[in-house]
Amino acid sequence: MEKHLFLAGHTACYGCGEALGARLVVDAAGPNIITTDATGCLEVFSSRWPQSAWAVPFVHSLFENSAAVASGVEAALKALGRQVEAKVIAQGGDGGTADIGLQCLSGMFERGHDILYVCYDNEAYMNTGVQRSGLTPYGSNTCTSPSGKVSWGNRYLKKDMPAIAAAHGVPYIATASVAYPKDVQAKVKKALSITGPKYIQVHVPCPLGWKSDPALTIKVAKLAVETGLYPIYEMENGVVTKVRKIPRPAKPVTEYLKLQGRFAHLFKKGGGEGEVKKIQQIADENIKKYGLLSEAAAKVAVEAEKE
Amino acid sequence: MKVILGGLAQPATSLANNTGNWRNERPVFLQKACTGCTMCAVICPEGCVYSVSKKVFTFDAKYCKGCGMCAAECPVDDIEMVMEEK
Ligand SMILES: Cc1ncc(C[n+]2csc(CCOP(=O)(O)OP(=O)(O)O)c2C)c(N)n1
Ligand code: SF4
Ligand SMILES: [Mg+2]
């Protein structure tokens, strides 16, 4: 088999986007890293004691403090004068990042630790059976935002985590998707070349929670981007510097939604069209806000493709 | 007495798990149209698809769970999923 730093034998579900995401990240980072990870699927399926899928040093923190534990690791490396020997990568799921771990992450940003924080965004608390998080998209059916007679599923919008990171003055922020593996890896490498705190949020489909076909993980991830629902961009020193252009015309959100059981209620119940329209609006606003279709964006996206 | 807080595990030990036991379908690499784009190897969530030579790819049956992502994403449809017979 090919040499990887995140290994087979892990127990993630069939077609798990998070398992793919983690492997892409550590393979791009290389062997000289120390990683931490919040409680969540990634930690559970990669570190089933007494085994570990990690070929690099790995610390499972608690659910809420991956960023704080990584801060300690980084501070210790500095105190020992050994910071040239290893880069520190903190990891967490969307719940562990945008909700319960947000305070520790804010502290890590504020203190300016030289750490890359990677959020694997599968848009709900998957490890405990699909509860909604601050990154669950509008309209999604989860067990704490159930669709039914009086509900269309999650009624809140995704928290804008990159903007929260930017408000801390984080020098490098990026969104990415496992649909574009080379892009994920280029962003990890770029982030690690920058000193200070960095934040990368990777969109990782979860066939179990999204009720999607495991074989279609990449297709689903790609549609999230091509509809405009998951804009892919880089922000350097608070300014958006690169945007992944999407094919014109953008695909309608229905193409994305219909592949996933978590949105099935929108197409079964009368009145669902209005909700689908709202989701289309979210995509349209992203397209406008990030210039996903504009000529200016086209040029940088072509450059990104070449990397 | 030495007290170890938490659990310690040795790196790269998950390789002992035969997750291939989960498999219902297995990928068959047809080797008719492969262009050597490496997509199947890059996106396998187990990291268990690999190249034997430039345009010949295969998988490690010890770990492949049979998710079918490689077959779905091969741009030239050179991978087929077939029912596993045991
Ligand atoms: C303080 C605390 N509260 C709750 C839990 C239970 N718990 C473990 S993992 C998890 C969900 C993780 O969700 P996310 O961070 O999105 O990661 P995912 O499993 O989706 O990858 C929860 C609620 C916990 N371990 N610790
Ligand atoms: S529940 Fe989702 S995130 Fe967790 S292992 Fe399964 S596919 Fe991956
Ligand atoms: Mg999650």
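In what follows, every chain begins at residue 1, and chains take the letters A, B, ... in the order their sequences are listed. Keep in mind it's a predicted model, so treat the numbers as computed, not measured.
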Exercise for the section: For the pair Lys65(B) (side chain) and Ala12(A) (backbone), establish whether a donor and an acceptor sit closer than 3.5 Å, ignoring hydrogens and angles. Expected result: yes

Problem - Taking every non-hydrogen atom, the tightest pair across Gly9(A) and Asn17(B) - result: O-ND2, 2.8 Å

Exercise for the section: Spell out, as yes or no, whether a donor-acceptor pair under 3.5 Å connects the side chain of Tyr14(A) to the backbone of Trp22(B). Expected result: yes

Practice task
Output yes when a side-chain donor or acceptor of His10(A) lies under 3.5 Å from a complementary backbone atom of Pro45(B), and no otherwise.
Solution key: yes

Exercise for the section: Check each atom of Leu5(A) against the heavy atoms of chain B and say whether the ones under 4.5 Å are side chain, backbone, both or neither. Expected result: neither

Practice task
Taking all heavy atoms of Pro50(A) and all of Ala9(B), pick out the closest pair and write down the distance.
Solution key: O-CB, 3.6 Å

Completion exercise
Rounding to 0.5 Å, atoms CZ (Phe45(A)) and OG (Ser14(B)) come to a distance of 11.0 Å

Practice task
Measure the NZ-OG1 distance between Lys182(A) and Thr38(B) for me, rounded to the nearest 0.5 Å.
Solution key: 6.0 Å

Practice task
Check each atom of Ser47(A) against the heavy atoms of chain B and say whether the ones under 4.5 Å are side chain, backbone, both or neither.
Solution key: neither

Completion exercise
Within residues 67-77 of chain B, the residues sitting under 4.5 Å from chain A by heavy atom, in sequence order, are Cys67(B), Gly68(B), Met69(B), Ala72(B), Glu73(B)

Exercise for the section: With a 4.5 Å cut-off on heavy-atom pairs, point out which of Ala12(B), Gly7(B), Pro11(B) contacts chain A the most. Expected result: Ala12(B)

Practice task
Decide if atom NZ of Lys219(A) counts as having more than 12 heavy atoms of other residues, nucleotides or ligands within a radius under 6.0 Å.
Solution key: no

Problem - Whether Ser52(A) side chain and Thr13(B) backbone form a donor-acceptor pair below 3.5 Å - result: no

Exercise for the section: Measure across Leu7(A) and Leu15(B) and return the closest heavy-atom pair with its distance rounded to 0.1 Å. Expected result: CB-CD2, 4.2 Å

Exercise for the section: Select, from Ile43(B), Thr58(B), Asn18(B), Val52(B), the one with the greatest count of heavy-atom pairs under 4.5 Å involving chain A. Expected result: Ile43(B)

Problem - Trp49(A) side chain vs Leu8(B) backbone, donor-acceptor pair below 3.5 Å - result: yes

